[in-house]
Trainee: 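Right, I'll just put the structure down here and ask away after.
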Amino acid sequence: MIIASNFKTNHTRESTKEFLNTLNTFVKENHIKDDILVFPTATSLDNFNLSSNISIGAQNAYHVEKGSFTGEIGTEQLDEFGIKTILIGHSERRDVLKESNDSIEKKYNFYKELGYKIVFCIGEPLEVRESGLQEVLAYNFAQLENIDINYENLIIAYEPVWAIGTGLTASLKQIDETLNGLRKSIKAPLLYGGSVKVANTKEILEIENCDGILVGTASWKVEDFSQMCRIASEL
Ligand code: PGA
């Protein structure tokens, strides 16, 4: 199982360190072996002394080593901390920050060339969900159209936009049907994201083609995220 926490614009350098120390102790004490990914803010990236199954990733970085790209970071800044994991295509970056498909593709190809583990997010808006499963699958596959879905270090996170940060989780049937549809053409691990909480972690992880979860809001409390990791380890 892959259990991922996206901090978004939450936690400070200090509280990130505390979070990771607590999580690391919990993972060791409970002999959790699942893959755990944590995406802190760029300002909280650092060298942490963590169990080998806990990786730190960047929520975003530009497709460059270094240069004149105000407000961005590149691989020079990621290399300082040995970071080799990145989130690409999150709906908040697509919709709120207006990241274009072209930029997403460039990032994907750049970080793929460098061998990064890429968590690539896809997901439909509510109006597409309301038009039915075929439309949902077509929309999600279209978001994958220009990226190499056979890349060995790719993880795909299916995150319906209407379920992100809204407290509205997709139903188990909706998650199941969508992941089944994606699985027909995709070998990469498939995560579900969108209002995952401790209370629904088990039932979501039990879905046949679900290889893990990507969690925002409910993961920011280390006690809750730790419980999600424990639940995954017991399946
Ligand atoms: P959420 O966010 O858990 O707060 O819905 C999920 C995500 O954006 O990855």
Side-chain angles (χ1 to χ4, degrees), residues 1-11 15-16 19-20 23 34-42 44-45 54-61 83 85-99 104 107-108 111 116-126 128-129 136 139-140 143-144 154-172 174-175 178-179 182 188-207 210-232:
M1 288 285 171
I2 300 165
I3 310 299
S5 166
N6 176 7
F7 277 17
K8 308 190 179 186
T9 319
N10 297 278
H11 279 297
S15 68
T16 299
F19 181 106
L20 288 168
L23 176 68
D34 301 75
D35 283 334
I36 300 172
L37 308 176
V38 178
F39 296 90
T41 65
S44 304
L45 297 177
I54 306 180
S55 310
I56 300 297
Q59 290 177 26
N60 176 50
I83 290 166
T85 303
I86 187 164
L87 200 61
I88 297 180
H90 191 281
S91 71
E92 285 154 11
R93 293 210 55 87
R94 293 179 193 262
D95 301 340
V96 184
L97 298 154
K98 306 291 174 216
E99 193 164 311
I104 290 171
K107 275 184 195 178
Y108 186 84
Y111 285 98
Y116 273 60
K117 183 177 279 184
I118 299 177
V119 178
F120 191 84
C121 303
I122 56 174
E124 78 287 350
L126 190 57
V128 173
R129 173 50 73 181
V136 166
Y139 188 95
N140 280 281
Q143 287 185 318
L144 294 168
L154 169 64
I155 297 167
I156 292 177
Y158 165 60
E159 300 203 302
V161 177
W162 48 275
I164 294 179
T166 56
L168 211 71
T169 319
S171 70
L172 297 177
Q174 286 170 327
I175 302 172
T178 312
L179 295 183
L182 293 170
L190 296 172
L191 312 186
Y192 168 76
S195 299
V196 178
K197 316 168 192 60
V198 176
N200 59 19
T201 294
K202 184 167 186 282
E203 56 193 26
I204 291 172
L205 289 176
E206 280 172 347
I207 291 173
C210 184
D211 302 305
I213 46 178
L214 173 57
V215 194
T217 316
S219 72
W220 302 333
K221 265 171 71 186
V222 69
E223 294 75 18
D224 289 353
F225 187 61
S226 300
Q227 287 311 314
M228 292 179 189
C229 296
R230 182 189 55 73
I231 291 167

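Atoms considered below: every heavy atom in the structure, side chains included; atoms not considered: hydrogens, waters and symmetry mates. Counting starts at 1 for both ligands and their atoms, following the listed order.
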Trainee: Treating Tyr192 as the side-chain partner and Ala170 as the backbone partner, does any N or O pair qualify as donor plus acceptor under 3.5 Å?
Mentor: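 Flag set: sc Tyr192 to bb Ala170 pair under 3.5 Å.
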
Trainee: With distance as the sole test, does Gln59 use its side chain to make a donor-acceptor pair with the main-chain N or O of Lys8 at under 3.5 Å?
Mentor: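 Present.
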
Trainee: For residues Thr201 and Arg230, is any side-chain donor paired with an opposing acceptor at under 3.5 Å?
Mentor: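 Short answer, no.
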
Trainee: Which residue supplies the protein heavy atom nearest to atom 9 (O) of ligand 1, what is that atom called, and how far is it?
Mentor: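 For this ligand atom, the closest protein heavy atom is Glu159 OE2, 2.6 Å.
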
Trainee: Would you call Ala163 a ligand 1 contact, heavy-atom distance under 4.0 Å?
Mentor: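 Checking ligand 1 against Ala163, which is what was asked, there is a heavy-atom contact under 4.0 Å.
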
Trainee: Which protein non-hydrogen atom lies closest to atom 3 (O) of ligand 1, naming both residue and atom, and how far is it?
Mentor: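 Going atom by atom, the protein heavy atom closest to atom 3 (O) of ligand 1 ends up being Gly216 N, 2.9 Å.
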
Trainee: At what distance, to the nearest 0.5 angstrom, does CD1 of Ile83 lie from CZ of Phe39?
Mentor: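 So the CD1 of Ile83 and the CZ of Phe39 are separated by 10.0 Å.
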
Trainee: Find all atoms of ligand 1 within a distance of less than 4.0 Å from any non-hydrogen atom belonging to Ile164, and give their numbers and elements.
Mentor: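 Contacts of ligand 1 toward Ile164, numbered from 1: 2 (O), 5 (O), 8 (O).
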
Trainee: Which residue and atom name correspond to the protein heavy atom nearest atom 4 (O) of ligand 1, and how close is it?
Mentor: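 Closest protein heavy atom to atom 4 (O) of ligand 1: Thr217 OG1, 2.5 Å.
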
Trainee: Considering only heavy atoms of Leu214, which atoms of ligand 1 have at least one such atom less than 4.0 Å away?
Mentor: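 This gives 9 (O) as the contact atoms.
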
Trainee: For Gly194, state whether at least one heavy atom is located under 4.0 Å from any atom of ligand 1.
Mentor: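 Within the 4.0 Å threshold, so yes.
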
Trainee: Okay, side chain of Asn6, backbone of Val215: is any donor-acceptor separation there less than 3.5 Å?
Mentor: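 No, the answer is negative, given that no donor and acceptor are paired below the 3.5 Å cut-off.
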
Trainee: Under a 3.5 Å distance rule, please check whether Thr85 uses its side chain to pair with a backbone N or O of Lys117 as donor and acceptor.
Mentor: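 Answer holds: no.
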
Trainee: Look at atom 2 (O) of ligand 1 and say which protein heavy atom is nearest, naming residue and atom and giving the distance to 0.1 Å.
Mentor: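 Here the nearest protein heavy atom works out to Lys8 NZ, 3.1 Å.
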
Trainee: Would you say the side-chain atoms of His11 pair up with the backbone N or O of Trp220, donor to acceptor, closer than 3.5 Å?
Mentor: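 Yes, the answer is positive, given that a donor and an acceptor are paired below the 3.5 Å cut-off.
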
Trainee: Quick one: does Glu92 get an N or O within less than 3.5 Å of an N or O on ligand 1?
Mentor: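 For ligand 1, there is no N or O atom that lies under 3.5 Å from one belonging to Glu92.
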
Trainee: Is it the side chain, the backbone, both or neither of Ser219 that has a heavy atom closer than 4.0 Å to ligand 1?
Mentor: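 No part of Ser219 comes within reach of ligand 1.
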
Trainee: Using heavy atoms and a 4.0 Å limit, tell me yes or no: is Gly193 in contact with ligand 1?
Mentor: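 So Gly193 does not count as touching ligand 1.
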
Trainee: Just by distance, do the side chain of Tyr139 and the backbone of Ile122 share a donor-acceptor pair under 3.5 Å?
Mentor: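 A pair under 3.5 Å: no.
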
